Amino acid sequence: DASPPRGGVCWGDVALRPVQATRWEQYGRGWALFLSWLPHWSEIGVEALRGFRGDVVVVLGDERDWTGTDGFRAELRQSWELVESWPTDSPWPRVDE
């Protein structure tokens, strides 16, 4: 929710876990999946999106070639509704050269 009610929780713990080790059935309604700067050489993001059963996906990265694969971006467009988007700058210097 872009405008959470007063007194609502706006953050929580973040767990680092390999996609293959995740028991997706434990994460249904009420859960959010946070994906940060997914590798552009691996379909791991597609696997995570297809396995996740929760309500919200948050992706930190760019909209170009540095975050995820073409397959990942296609899965996002086909299976999830974009609610909000903000521009980000790459954390890597000279990335556009």
Side-chain angles (χ1 to χ4, degrees):
D1 186 350
S3 300
R6 289 191 176 276
V9 175
C10 295
W11 65 88
D13 294 334
V14 175
L16 174 65
R17 178 180 303 121
V19 171
Q20 303 88 342
T22 302
R23 294 176 25 212
W24 293 111
E25 65 276 2
Q26 294 180 342
Y27 304 101
R29 287 191 57 79
W31 285 91
L33 177 64
F34 176 68
L35 302 170
S36 177
W37 294 100
L38 290 165
H40 57 86
W41 61 86
S42 168
E43 293 296 341
I44 204 78
V46 175
E47 188 177 334
L49 289 176
R50 290 181 180 165
F52 182 59
R53 301 290 178 248
D55 304 314
V56 176
V57 173
V58 177
V59 178
L60 175 60
D62 66 2
E63 295 179 12
R64 300 182 315 256
D65 297 333
W66 288 98
T67 302
T69 62
D70 289 339
F72 171 73
R73 289 183 288 280
E75 185 70 23
L76 273 177
R77 283 190 303 275
Q78 293 168 10
S79 301
W80 293 89
E81 175 186 351
L82 176 62
V83 174
E84 193 72 46
S85 178
W86 295 275
T88 59
D89 292 326
S90 172
W92 297 282
R94 304 176 64 182
V95 70
D96 290 323
E97 291 181 4

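Not measured: the values here are computed from a predicted model.
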(message) I'd like to know if L60 and L38 are part of one continuous hydrophobic network [Ile/Leu/Val/Met/Phe/Trp/Tyr, side-chain heavy atoms within less than 4.5 Å].
(response) no
(message) Minimum heavy-atom separation for F72 and T67, please, with both atom names.
(response) CD2-O, 4.4 Å
(message) Hydrophobic cluster membership, with links at side-chain heavy-atom distances under 4.5 Å among I/L/V/M/F/W/Y: are L35 and W66 in one?
(response) no
(message) In the structure I gave you, are the side-chain heavy atoms of V59 and F34 within less than 4.5 Å of one another anywhere?
(response) no
(message) Can you confirm whether more than 12 heavy atoms, excluding those of W80, are under 6.0 Å from its CH2 atom?
(response) yes
(message) Test of understanding: clusters of I, L, V, M, F, W, Y form through side-chain heavy atoms closer than 4.5 Å, transitively. Do L33 and L82 belong to the same one?
(response) no
Can you give the donor-acceptor pairs under 3.5 Å from side chains of residues 39-57 to other protein atoms, not counting sequence neighbours?
from, atom 1, to, atom 2, distance (Å)
S42, OG, I44, N, 3.1
E43, OE1, T69, OG1, 2.9
E43, OE2, T69, OG1, 3.1
R50, NE, E75, OE1, 3.2
R50, NH2, E75, OE1, 3.3
R53, NH1, R50, O, 2.7
R53, NH1, G51, O, 3.4
D55, OD2, G30, N, 2.5

(request) Mark yes when over 12 heavy atoms from residues, nucleotides or ligands other than Q26 sit less than 6.0 Å from its CD; otherwise mark no. (result) yes
